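Right, one structure below, let's go through it.
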Amino acid sequence: MQDEQFMKAAIQLAYDNVISGHGGPFGAVVVKDGQIIGRGCNEVTAACDPTAHAEVQAIREACRHLNSFQLEDCVIYTSCEPCPMCIGAIYWARPKAVFYACTQNEAAAIGFDDRFIYEQIALPMEQRSVVMKQMYPPESPQPFEAWAASAQKVEY
């Protein structure tokens, strides 16, 4: 029953976000040990930030709460199947599970279609709609070399 309550909390965040006029119809919560430790709504237009998706916002809040960059033993509940950016953030955060309500097809039906991102990722770089071209001045490997030699690095 708790899973359903957490999903309802994510859906309520999404609904309230739309009703308030603050952003898109997406909400997410991060749960650890039966407690919500992170909440997020889509704030892309309100914050003028294309990364301000519900899942990313919830992950940020949960990580601050835990004082960690990982969500070990956490579960994310989100009102919609995560987009490619959010999937990347989720994998970097390493929760143990993600539950979602609506599908990417339902999101696409109301104008939130991310299929083009999946299609672009599958293309060779020279065929993508955003130019992506390597520039490699001699200094390029220096940050990686410094990281490899650093005794202060925190692996992730």
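For the numbers below, each heavy atom of this structure counts, side chains included, while hydrogens, waters and symmetry mates do not. In this chain, residues are counted from 1 in sequence order. All figures in this text were calculated on a predicted structure; none of them were measured in a lab.
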Next on the checklist: Any side-chain to backbone donor/acceptor pair from Arg128 onto Leu123? Under 3.5 Å, distance only.
Outcome noted: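 Pair found, side chain donor or acceptor close to backbone of Leu123.
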Checklist entry - Distance-only, no hydrogens or angles: does the Lys153 side chain make a donor-acceptor pair with backbone N or O of Ala148 under 3.5 Å? => result yes
Going by the rule side chain to side chain donor-acceptor pair (under 3.5 Å), which residues pair with [X] if we only count those two or more places apart in sequence or in a different chain?
X      : answer
Glu119 : none
Gln12  : Asp16
Thr51  : Asp49, Arg60

As an exercise, state the distance from [atom1] of [X] to [atom2] of [Y], rounded to the nearest 0.5 Å.
X     : Y     : atom1 : atom2 : result
Gln57 : Phe26 : CD    : CZ    : 13.5 Å
His22 : Thr45 : NE2   : OG1   : 8.0 Å
Ile59 : Cys86 : CD1   : SG    : 7.0 Å
Cys63 : Leu71 : SG    : CG    : 4.0 Å

Would you indicate whether the side-chain heavy atoms of [Y] and [X] approach each other to under 4.5 Å?
X      : Y      : value
Cys80  : Thr103 : no
Ser79  : Tyr15  : no
Ile37  : Glu61  : no
Gln104 : Tyr118 : yes
Asn17  : Pro25  : no

So which heavy atom on [X] is nearest to which on [Y], and how close?
X      : Y      : result
Pro82  : Ile87  : O-CD1, 3.5 Å
Ala28  : Ala10  : CA-CB, 4.0 Å
Lys32  : Asp73  : CG-O, 4.0 Å
Val56  : Ala89  : CG2-CB, 4.1 Å
Gln120 : Val130 : OE1-N, 4.4 Å

Checklist entry - Between Tyr77 and Tyr100, is the ring centre distance below 6.0 Å? => result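 Tyr77 vs Tyr100: aromatic centres not under 6.0 Å.
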Next on the checklist: If you count heavy atoms of other groups shown closer than 6.0 angstrom to CD of Glu72, is the number above 12?
Outcome noted: no
Checklist entry - Does atom CD of Gln35 have more than 12 heavy-atom neighbours, drawn from other residues, nucleotides or ligands, at distances under 6.0 Å? => result no
Next on the checklist: I'd like to know if Ile90 and Val44 are part of one continuous hydrophobic network [Ile/Leu/Val/Met/Phe/Trp/Tyr, side-chain heavy atoms within less than 4.5 Å].
Outcome noted: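 No, because Val44 and Ile90 fall into different hydrophobic clusters, even though each may have its own neighbours under 4.5 Å.
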Checklist entry - Transitively linked via ILVMFWY side-chain contacts under 4.5 Å: Val75 with Phe6? => result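 Hydrophobic grouping puts Val75 with Phe6.
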Checklist entry - So Met7 and Phe99, side-chain contact (heavy atoms from CB on, under 4.5 Å) or not? Walk me through it. => result CA-CA 8 Å; Met7 181 58 75; Phe99 295 98; 3.8 Å; yes
Next on the checklist: Tell me which one of Leu66, Val31, Val98 satisfies side-chain contact (heavy atoms from CB on, under 4.5 Å) with Cys74.
Outcome noted: Leu66
Checklist entry - Looking only at side chains, do Thr78 and Glu55 share a donor and an acceptor under 3.5 Å apart? => result yes
Checklist entry - Stepwise, does the side-chain contact (heavy atoms from CB on, under 4.5 Å) test hold for Met125 with Lys133? => result CA-CA 8 Å; Met125 284 208 204; Lys133 199 168 189 167; over 6 Å; no
Next on the checklist: Suppose we screen for salt bridge (charged side-chain N to carboxylate O under 4.0 Å, His left out). Which residues come up paired with Arg64, at least two apart in sequence or across chains?
Outcome noted: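 Once residues adjacent in sequence are excluded, Arg64 has no partner under the salt bridge (charged side-chain N to carboxylate O under 4.0 Å, His left out) criterion.
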Checklist entry - Taking only residues two or more places apart in sequence or in another chain, which ones pass salt bridge (charged side-chain N to carboxylate O under 4.0 Å, His left out) with Asp113? => result Arg115
Checklist entry - For Trp92, which fellow cluster members are found when Ile, Leu, Val, Met, Phe, Trp and Tyr are connected by side-chain heavy-atom distances below 4.5 angstrom, either directly or through intermediates? => result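 Phe69, Val154, Tyr156, which link up through side-chain heavy atoms under 4.5 Å apart, make up the rest of the cluster.
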